[in-house]
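Input: a single structure, listed below in structure tokens.
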Amino acid sequence: MSRQLRILVTGGAGFIGSHYVRQLVRGAYPAFAGASVVVLDRLTYAGNEANLASVRDDKRLRLVIGDICDADLLAELLPMTDVVVHFAAESHVDRSITGAAEFVRTNIQGTHTLLRACQDAGVGKFVQVSTDEVYGSIAEGSWSEDQPLAPNSPYSASKAGADLLALAYHRTYGLSVCITRCSNNYGPYQFPEKVIPLFVTNLLDGGTVPLYGDGENVREWLHVDDHCRGVQLVAEGGSSGSVYHIGGGTELTNRELTALLLREVGSDWEDAVRQVADRPGHDLRYAIDDSKIRTELGYRPRTGLAAGLADTVRWYAENRSWWEPLRTRAGATGPAVPSFRGAA
Ligand code: NAD
């Protein structure tokens, strides 16, 4: 009888990591069906046990509250692990502008500690979940995976550093590493400091939304479920040492996105939008070419933006008990932490 597959998911109580874990435990990824799943999460302000409530009683799932910077804990957890999917990060660009140190600690030092521990424990595969922001900004066209890195914010610089360390562990020590780089995600359970849940929850409360600068910054939006399916394809079949873009969402200016959200909630631009000073170093546009993952691994996004946004707005309308306490925790109602990025 073959041994049960063992997967360790870092940051599995956050927005994207918890979607991945819920799908994994529910059997949405047949190649990993029946796997035992360890979630390692420090439960920072962005981590939330409630995100895993629907699968919490499944015996295959174990939540370990701990830090990826803790080498002793990793040495305990990692032996016999087949795949590590690494979502844990400080993820909000605006927070990185006001306090970069925590980003360097978790995103760079933490990723390095994890890579070292994976190497020592003989982990079969390491998937580093990263972002298109590592490339900087692009006025026209799109980036392919061999584009040189040119990050602009402390967040994206720390993710770029982590990506380079992951590739170095592959080239120097032979650790089987894949990197995914994705565009902006949206969907349920996203912390209400990021633009879509921030705007939606403000509007649901009858408040206003802060629009950065002229609102002409362009982002490509992808539903979290499509991102996680892409990550899973890479975990199953990505070739070692490779980078894969996960995209195929829809490009929108921040003005266009705001207009769509206002329409969904039923609010007027004049009453609800207030323009605020632009973010320092605000990248104008990100755009990735994802033909590699489509050709090599058969990836296709499934959720169109109109349907995905409508579902997402409905989810926030129906789940106030999830987000109301978080808004108080983050102070995330006003222009102090508006964001159009930061892993959004
Ligand atoms: P998130 O902020 O919602 O979740 C991050 C999780 O990591 C939280 O549960 C937090 O508690 C945990 N964490 C933070 N520091 C930790 C530490 N030191 N040890 C253990 N756990 C720790 O972030 P997200 O939006 O779900 O993003 C997940 C990953 O995807 C990140 O690596 C991010 O860079 C990447 N990404 C996000 C987007 C996006 O649009 N959200 C886009 C592309 C890539």
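Any value given below was found using the heavy atoms of this structure, including those in side chains, with hydrogens, waters and symmetry copies removed. In each ligand, atom 1 is the first atom listed, and ligand 1 is the first ligand listed.
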Test item, [X] contacting ligand 1 (heavy atom, 4.0 angstrom):
X	answer
Leu43	yes
Gly66	yes
Tyr155	yes
Ser130	yes
Phe87	yes

N or O contact, [X] vs ligand 1, cut-off under 3.5 Å:
X	value
Thr131	no
His227	no
Arg42	yes
Leu40	no
Thr106	yes
Ala88	no
Gly14	yes
Ile68	yes

Those atoms of ligand 1 less than 4.0 Å from some heavy atom in [X]:
X	result
Lys159	31 (C), 32 (O), 33 (C), 34 (O)
Asp67	17 (C), 18 (N), 19 (N)
Val129	30 (O), 32 (O)
Thr44	10 (C), 11 (O), 14 (C), 15 (N)
Phe15	3 (O), 25 (O), 26 (O)
Ala13	9 (O)
Ser91	1 (P), 2 (O), 23 (O)

| field | ligand 1 contact on Glu133 by region, counting heavy-atom pairs under 4.0 Å | value | neither
| message | Taking 4.0 Å as the limit for heavy-atom contacts, which would you say applies to Ser183 with ligand 1: side chain only, backbone only, both, or neither? | response | backbone
| Who's closest to atom 14 (C) of ligand 1 heavy-atom-wise, of Ala89, Gly110, Gly11, Gly187? | Ala89
What is the distance from atom [atom1] of [X] to atom [atom2] of [Y], rounded to the nearest 0.5 Å?
X	Y	atom1	atom2	result
Arg22	Leu61	CZ	CG	11.5 Å
Tyr244	Ser239	OH	OG	3.0 Å
Asp290	Arg181	CG	CZ	14.0 Å

Should the ring pair [X] and [Y] be called parallel, tilted or perpendicular, given that the plane angle runs from 0 to 90° and is split at 30 and 60?
X	Y	value
Trp143	Tyr135	tilted
Phe126	His86	tilted
Tyr186	Trp221	perpendicular
Phe191	Tyr45	perpendicular

Is it true that [X] and [Y] make a salt bridge, defined as a side-chain N closer than 4.0 Å to a carboxylate O?
X	Y	value
Asp225	Arg302	no
Lys159	Asp163	no
Asp132	Arg285	no
Asp146	Lys292	no
Glu193	Arg95	yes
Asp70	Arg42	no

| Can the ring centres of His227 and Tyr20 be said to be less than 6.0 Å apart? | no
